[in-house]
Amino acid sequence: MANNNSKPSSETGKFQAIISHCKEYGFIFPSSEIYDGLQAVYDYGQWGSELKKNIKDHWWKSMTQMHENIVGIDAAIFMHPTTWKASGHVDNFSDPMIDNKDSKKRYRVDHLLETYADELKEKGETEKAENILEQMNALLVKDDYAGLKQLIEENKITCGISKTCNWTDIRQFNLMFSTQLGSVAEEANEIYLRPETAQGIFVNFLNVQKTGRMKIPFGIAQIGKAFRNEIVARQFLFRMREFEQMEMQFFIKPGTQKEWYEYWKEERLKWHLSFGTDPAKYRFHDHIKLAHYADAACDIEYDFPIGFKEVEGIHSRTDFDLRNHQEYSKKKMQYFDTEINQNYIPYVIETSIGLDRTFLMIISNSYTEEDLSTPEKQDSRVVMKFPPQLAPVKLAIFPLVKKDGLPEIAKEVLNKYRGDFKCFYEEKDTIGKRYRRMDAIGAPFCVTIDHQTKEDNTVTIRHRDSMKQERIHIDRIGEVVQKAIRGV
RNA sequence: GCGGAAGUAGCUCAUCCGGUAGAGCGACAGCUUCCCAAGCUGUAGGUGGCGGGUUCGAGUCCCGUCUUCCGCUCCA
């Protein structure tokens with residue numbers, strides 16, 4: 001899979017340009033920037049937060065409003081610590097790592113030893129290989145890092161690059177952030193900030209099923225923050241330590257997971273394409289190596305300026321989570337299916353999309369630099385071609401000049417529509433400058449009130465993408481805008 | 001975490017061999033302007049990432065530190 005993701009430098013230049021644009025026009029700021037920022041944490045600015053909210057609303061509606069068998073919840077970020085034992089996050093996401101001092105390469109300790117064991121097996125030394133793996137597992141269970149290092153050194157396991165056995169001490173990288181619950185330090189319990197929102201759904205499975213009288217198959221959707229201590233968190237919004245997920249867990253009858261997995265794959269891709277994006281910008285990536293909880297998994301990848309990257313994951317999670325919660329909590333996580341007169345633990349298909357990644361996807365897909373030069377004059381513009389439904393500002397309202405009563409009429413228009421959708425009023429600078437500023441934040445429409453408006457109640461409405469203008473009656477503005485923002 | 005590069009006004013950058021910072025764009029106020037940025041006038045913005053050292057004197061030299069970018073490594 002080596003380098004099919006790499007992009008020419010002009011494309012990484014585009015990524016830089018997008019990052020700059022996001023900061024310059026109030027979409028994204030580095031977190032606590034006045035203190036030099038905080039690595040891999042970002043804040044959403046005045047237009048970014050509008051865009052983000054619009055994406056959320058659109059997803060939420062497509063799940064809970066457009067499906068009668070999907071409901072939403074909003075579970076807390078703090079959860080009982082046992083949740084993460086049951087989910088496997090405590091044991092499966094704290095990998096010991098080791099670095100070779102000469103090549104500076106970093107390895108997962110278990111991978112390093114397993115590779116060595118495989119080599120031994122190839123040479124026919126099966127017994128020795130098994131022995132090493134046995135020792136490794138025993139040491140891993142005890143978190144005996146000194147012992148693991150010793151095991152590596154005793155066997156003279158070398159780095160593939162440097163061919164030396166010059167290793168650092170073993171260090172552990174924890175996926176989850178922890179904090180203390182309880183006001184007195186000594187009595188406080190260590191709890192985690194959730195690394196995924198899904199568990200909030202699983203622990204509420206029975207509550208929702210019973211109080212909502214839900215019948216399988218049904219889904220529970222949730223939007224919320226999650227936190228992960230990534231080893232390397234970079235690439236702008238793509239890999240953040242604090243991020244937001246939009247997840248839906250779909251509970252189904254065991255044995256039907258194949259069909260439902262395929263169904264949701266298709267359904268989710270349709271959602272993405274509903275933005276009018278070029279289908280060639282998307283691809284599925286099927287997982288060969290599956291996470292500990294899945295029996296099938298794929299990603300929907302989008303062709304970012306930095307290459308095809310995962311935006312959404314669709315996982316067939318089996319009954320792993322509910323079964324484990326049943327075990328740890330001693331509460332029956334079962335559903336009585338009246339059709340077959342039987343109890344069972346439902347299987348689950350998960351769709352999990354990164355909100356921040358979706359945001360970055362929409363931004364990347366919308367960001368356009370246009371050369372508008374004519375023989376007489378050099379000209380260019382940057383325009384965010386957002387789907388109108390997602391645009392942070394729907395309508396900009398300008399008086400052509402700020403006199404002759406034009407601002408008064410413009411403000412009447414503003415007051416008429418500001419309750420229906422986000423409007424922006426501006427009366428300074430030349431009309432051209434104002435148009436271009438609106439292009440930069442992606443407002444799909446600008447209306448301009450001019451002297452003719454006073455005579456016949458018509459205004460010009462200017463379309464963002466084509467820059468075309470048309471003259472319409474002042475009472476038709478709302479209808480034109482509404483039609484566009486319904487049409488995603 | 002490692003290697004490389006960089007950090008000067010909101011943005012892009014300049015300041016030659018150390019002598020207490022300057023431009024364009026932008027912003028703001030006003031003028032002009034009857035529909036697509038770069039007409040006119042004026043104003044405000046920098047303890048040169050931060051800390052220390054050398055020096056009569058440091059944005060400029062040295063050390064440390066933080067942050068960002070590129071590459072490597074790792075991954076729900």
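Chain naming here is simple, since letters A, B, ... match the order of the sequence lines and numbering starts at 1 in each.
Annotation: B/rG45 and B/rA21 have their P atoms spaced 15 Å apart (nearest Å). Taking atom C1' on both B/rG3 and B/rU55, the two are 34 Å apart, rounded to the nearest angstrom. Using atom C1' as the reference point in both B/rG30 and B/rG19, the two lie 40 Å apart (nearest Å). Comparing B/rC17 with B/rC40, their C1' atoms sit 42 Å apart, to the nearest whole Å. Using C1' as the reference atom, B/rG57 and B/rG64 are 23 Å apart when rounded to the nearest Å. Annotation: B/rA6 and B/rC13 have their P atoms spaced 13 Å apart (nearest Å). B/rC16 sits 11 Å from B/rU20 when the P atoms are compared, rounded to a whole Å. For the C1' atom pair drawn from B/rG18 and B/rC56, the interatomic distance equals 12 Å after rounding to whole Å.
Going from atom CG of A/Asp475 over to atom OG1 of A/Thr458 covers 11.0 Å, rounded to the nearest 0.5 Å. Taking CZ of A/Arg268 as the reference point, atom OG of A/Ser352 lies at 10.0 Å (rounded to 0.5 Å).
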List, with names and distances, any nitrogen or oxygen atoms from the protein found under 3.5 Å away from nitrogen or oxygen atoms belonging to nucleotides 11-13 of chain B.
from	atom 1	to	atom 2	distance (Å)
B/rC11	OP1	A/Lys23	NZ	3.4

Close N/O contacts between protein and nucleotides 4-9 of chain B (under 3.5 Å):
none

Report all interatomic pairs (protein N or O, nucleotide N or O of nucleotides 28-30 of chain B) with separations under 3.5 Å.
from	atom 1	to	atom 2	distance (Å)
B/rC28	OP2	A/Lys428	NZ	2.9

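For RNA chain B, each stem of at least three Watson-Crick or G-U pairs (distances under 3.5 Å) is given as range with range: B:1-7 with B:66-72, B:10-13 with B:22-25, B:27-31 with B:39-43, B:49-53 with B:61-65.
Counting to the nearest Å, the C1' atom of B/rC34 and the CZ atom of A/Arg471 are 10 Å from each other. Atom OH in A/Tyr435 sits about 11 Å away from atom C1' in B/rC34, given to the nearest Å. Note: CD1 (A/Ile19) to C1' (B/rC69) measures 9 Å, nearest angstrom. Whole-Å rounding puts the A/Lys433 NZ to B/rA37 P distance at 10 Å. Distance NE2 (A/His285) to P (B/rC75): 14 Å, rounded to an integer number of Å. One atom, CZ of A/Phe236, and another, C1' of B/rC70, lie 17 Å apart when rounded to the nearest Å. A/Glu301 places its CD atom 16 Å from the P atom of B/rC75, with the value rounded to the nearest Å. Taking atom CE of residue A/Met438 and atom C1' of nucleotide B/rC35, one finds them 16 Å apart after rounding to whole Å.
At least one cation-pi condition fails for A/Arg241 and A/Phe177: the charged atom is not both under 6.0 angstrom from the six-membered ring centre and inside a 45 degree cone around its axis. Annotation: cation-pi geometry satisfied between A/Lys265 and A/Phe284 (NZ/CZ under 6.0 angstrom from ring centroid, within 45° of ring axis).
Listed here is the closest heavy atom pair of A/Phe243 and A/Met240: CD2-O, 3.6 Å.
Salt bridge status for A/Glu33 with A/Lys23: present, with a side-chain N to carboxylate O gap under 4.0 Å.
Comparing B/rC36, B/rG26, B/rC70 by their closest approach to the side chain of A/Gln16 singles out B/rC70. Among the nucleotides B/rC34, B/rC36, B/rU33, the one closest to the side chain of A/Leu400 is B/rC34.
In this structure, A/Tyr263 and A/Ile349 have side chains that are not in contact, with every pair of non-hydrogen atoms separated by 4.5 Å or more.
For a distance-only test at 3.5 Å, the side chain of A/Arg462 qualifies as a donor-acceptor partner of the base of B/rC36. One donor-acceptor pair, N or O on each side, does fall under 3.5 Å between the base of B/rC35 and the side chain of A/Asp450. Within 3.5 Å, a donor on the side chain of A/Arg239 pairs with an acceptor on the base of B/rC75, or the reverse.
Between the side chains of A/Gln199 and A/His89, no donor N or O sits under 3.5 Å from an acceptor N or O. For A/Ser62 and A/Trp271, the side-chain atoms include at least one donor-acceptor pair closer than 3.5 Å. In the model, A/Glu247 has no side-chain atom that pairs as donor or acceptor with a side-chain atom of A/Gln222 under 3.5 Å. Between the side chains of A/Thr453 and A/Asp450, at least one donor N or O sits under 3.5 Å from an acceptor N or O. If you check the side chains of A/Asn365 and A/Tyr302, you find a donor sitting under 3.5 Å from an acceptor.
The one candidate from A/Arg464, A/Lys433, A/Arg434, A/Arg462 that meets the salt bridge (Lys or Arg N to Asp or Glu O under 4.0 Å) condition with A/Asp439 is A/Arg462.
Nucleotides of RNA chain B nearest to A/Thr448 and A/Tyr42 differ in position, and the one nearer the 5' end is that of A/Thr448. Closest-nucleotide positions on RNA chain B for A/Glu350 and A/Gly432 were compared, and the one nearer the 5' end corresponds to A/Gly432.
B/rG45 shows a glycosidic angle within 90° of 0 and is accordingly assigned syn.
Annotation for A/Lys454: atom NZ counts as buried by contact number, over 12 foreign heavy atoms lying within 6.0 Å.
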Validation: residues 354-363 of chain A side-chain donor-acceptor distances under 3.5 Å, sequence neighbours left out:
from	atom 1	to	atom 2	distance (Å)
A/Asp356	OD1	A/Tyr44	OH	2.6
A/Asp356	OD2	A/Glu244	N	2.7
A/Arg357	NE	A/Phe238	O	2.9
A/Arg357	NH1	A/Glu310	O	3.2
A/Arg357	NH2	A/Phe238	O	3.3
A/Thr358	OG1	A/Gly354	O	2.6

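Every pair passing ring-ring contact (aromatic ring centres under 6.0 Å, His included) that includes a residue from residues 426-459 of chain A is listed here, sequence neighbours excluded: A/Phe398-A/Tyr435, A/Phe445-A/His463.
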